[in-house]
Amino acid sequence: MQSDPLSMKKRPFFLRWAWREIRQGQLWLVTLALSLIIACVFALSALVSRVEGIIVSQGRSALAADMVLQSSQVVDLKRLSTNNVTTSQQTSFGTMAFSDNGMQLVSVKAVDAKFPLRGDLRLQAADKSVQHHVKPGELWLSERLFSLLDVNVGDTLMLGDGELTISGRILEDPELSFNPFSQMPAVLINNQDITAIGGVQEGSRLSYRYYFSGSDSALADIRKQFSLTPSQRWLTENDAGRSGDFIERARQYLSLTLVLVVLMASATLVLTCQHYASTRITSVAMMKSLGASRRFLWLWLLQQIAVVFSVAIGVGLLLGIWLEWLLRYPLQQLLPDELPSIGFAPLVISLLLALFISLPALGIPLSRLVNASAMNTVQATQVSTAKFSPIWLLLIFPVLAAVAWIGTNLFVWLTLLGMVVLLVLLALVGIAAIALLKKVKFGSAYALALSRVNRSKAKTATQLAALTCSLMLLAVIGLLRNELLADWKNTLPADAPNVFAINIAPEQQQAYLDYLDVNQLARSDGYPVTRGRLVAINEQRFYSTEDESLNDVLVETSSNSNLERDPALRRELNFTWAETLPSHNDVIAGKWGDSSGVSVESGIAKRLNINLGDKLAFTVGGLEFNATVNSVRDVEWRNMKPNFYFIFTPDVLQSFPATWLVSFRINDQQSDLLNTLASNYPTVSVLDLRMMATRIQGLLTQVSWSLTVLAGLGVLSGLLLIMTLLRLSISERQTEIQLYRTLGASRKRIAATLWCEYGIIALLSGIIAAIGAEFVVGLLVVKGFELPFTLHPLMWISLPVLAIGLVYLVSRSQIKKLLLPLR
């Protein structure tokens, strides 16, 4: 059997050769690009896996179970098959609590000894010990009740018709709600004590919660067995409140940035692979002239690629582990001590994605390299490849990887599609701009540079498009980060209200506000509040007014014949009236009037198809009245300010009885003022949300740090791509520069021509990238993140300057090498 003249016994030599190619040759850029892809995908996949696990865990902890059935009627769990499922029950109602020194309306939660099934209930007894379950005969009070009722642990408290001894304080309740309109100071008792305090009587308004904990399949079986009535609904961890909006936006940003980082790293990989193949044509031709077969050449190249992959996997995984820790580090205070395991999914995803991207990136140029003719040792020729070569089928792999990885994330797909279309348009604009520049006279070096640019339009368009794309992606990543952080900062500024005072009697309202003003506490306007229901739109009724006990209403939308439940209609809503609309609400349609009108929040208006001029019917205390929609408002529910679905003109609602609401800000040094308010106005419910506001502020700061780290990674990926583009572009000019030098061109003339050429490309790239980035960010902000958009004039200056600076820094050393004296 004939063997190759270069014996395969020389493998150690080829391995050393491959290692030298990584350290000193062209393969180090290939290795770096692969390492970056593996690191980014591993880090973000691991982080997303952990965060999703934590979100599910914390969501279920907030429910105190894996799944909850909320009902206004008693449910017999015995008729359900609850095998392998743990259950618990809660009954809640409002009643009066009396001490020797005061009285207070409280929210009683009667639970069994198994509550909670998830999360941590922390109850502090008199001896400072901490308990986690409520036993029969025990009474636990929220901290605020001790000052409102002037009681201590061990005192006797009359709750309803019975007396119980105070067992201690509620330190932490996983179910704690922060709804300022319905929250009352909470007390915890055991279910067995309901009868003793007379909590359940004829006509009592009770609410029931049934808790389930078990496997997902067992919980699904429970839901199949149970048919919901209009007054019942299931609660899961997916029923997140508005406070989670910024987390969802952060996850969208993480997903988009990861895709853009991988896209830039992939472009770097493709360019470096093509350049590596072009620099090895002579070596391959020489081997072929010595008799090397294609099989030998493939084995030789695959050994090098195997070494590259081995190094890239090691470096990429180490970098990925460090990067995942770096992204997670700012969130350590918010994450549980025992983090969810990431499993093998991030490892498999990162390696498969890198493999699928590298198959065409390496396979296509290496196939062309192996097909190089032995004549290239004498004269360089173009490597020909069949027009429809099967090697091009390798492009299917990255497409399949993108489909599997991005999946149904329409947000990312539309972004990528829009950027491709925009990039083509901007490349055409760039070519047109270069043609226009020919009309400008600016010296011989400038003219020679333009002549060089116009002579190779395809290559110039490629360079311009690639550099523009890199700069545009950098700008998109940075601007989106700034837009999100600005939105969060505006949503919950440092001076946001952190205390709500509700149930202020009309005769106390002015004195209460005067006390806040005298003590210079920043406050909102005072709002009268009464509770009612929306019962009809344009005479289309949602439920019969004869059955006012119905707690869940069915809405038939005009766009769908199926009956759908809307959360805002399953309960009484808080109505208010005002001479003018709140300054923190933006009117997006219509105009506020002075009589018979109502302003509607945009979200509920969209869900219920409420339009300007519609006639709405409401009930308050069994009395029905009408109002005409005169405006639609955008409401930011996360800003800790009083907000309402419906705001009426005074003539519509002011005849109904109401209490008043105000929010204000207090710092830690002003806690005595809060105690004084509670003492002077014992019937006013004060909700101190300082701990929650501080936690949200901390969360925003920490998540913003993670976004900054990821944005920095995106910048590094973009800079690597730009550096690769410029290095390859300049290295391709070596032969041309040597020809100029041979023909007698001076170093000064050549340097001036090169700087003009790359300066023109850099300036055009910066300007076009600024246009593209402004357009892309505008679409993403408005359509993707649903935020207001503003122009970024500073970017229009900084991006061209950045492009020119990068071109100068990267090209300086390369051009110096090209201008060395000929030998």
Does Ala306 have any side-chain contact (heavy atoms from CB on, under 4.5 Å) partners at least two apart in sequence or in another chain, and if so, which? none
Results of side-chain contact (heavy atoms from CB on, under 4.5 Å) for Ala39 - residues two or more places apart only: Leu319
Between atom CG of Leu366 and atom SG of Cys273, what is the distance when rounded to the nearest 0.5 Å? 7.0 Å
Taking all heavy atoms of Gly320 and all of Ala43, pick out the closest pair and write down the distance. O-CB, 3.5 Å
Check Ala770 against Met795 and note the closest heavy-atom contact, atom names and distance. O-CE, 3.3 Å
Could you tell me the separation between the OG1 atom of Thr31 and the CD atom of Gln304, rounded to the nearest 0.5 Å? 10.5 Å
Nearest heavy-atom pair of Ala762 and Ala803: which atoms, and what distance? O-CB, 3.3 Å
Is the shortest side-chain heavy-atom distance between Ile767 and Trp796 below 4.5 Å? no
What residues form a side-chain hydrogen bond (donor to acceptor under 3.5 Å, both in side chains) with Asp634, not counting sequence neighbours? Ser602
Compare every heavy atom of Ser35 with every heavy atom of Ala312, then report the nearest pair and how far apart it is. CA-OG, 3.3 Å
Expected list for residues 348-361: side-chain donor-acceptor pairs under 3.5 angstrom, two or more places apart:
from   : atom 1 : to     : atom 2 : distance (Å)
Ser350 : OG     : Pro346 : O      : 2.9
Ser350 : OG     : Leu347 : O      : 2.9
Ser358 : OG     : Ala354 : O      : 2.9
Ser358 : OG     : Leu355 : O      : 3.0

Contact between Ile804 and Val801 at the side-chain level, heavy atoms closer than 4.5 Å - yes or no? no
With a 3.5 Å distance limit and no angle check, can you tell me whether Glu774 reaches the backbone of His792 through a side-chain donor-acceptor pair? yes
Set of ring pair (Phe, Tyr, Trp, His ring centres under 6.0 Å) partners for Phe309, sequence neighbours left out: none
Working to the nearest 0.5 angstrom, can you tell me the gap between Leu362 CG and Leu369 CG? 11.5 Å
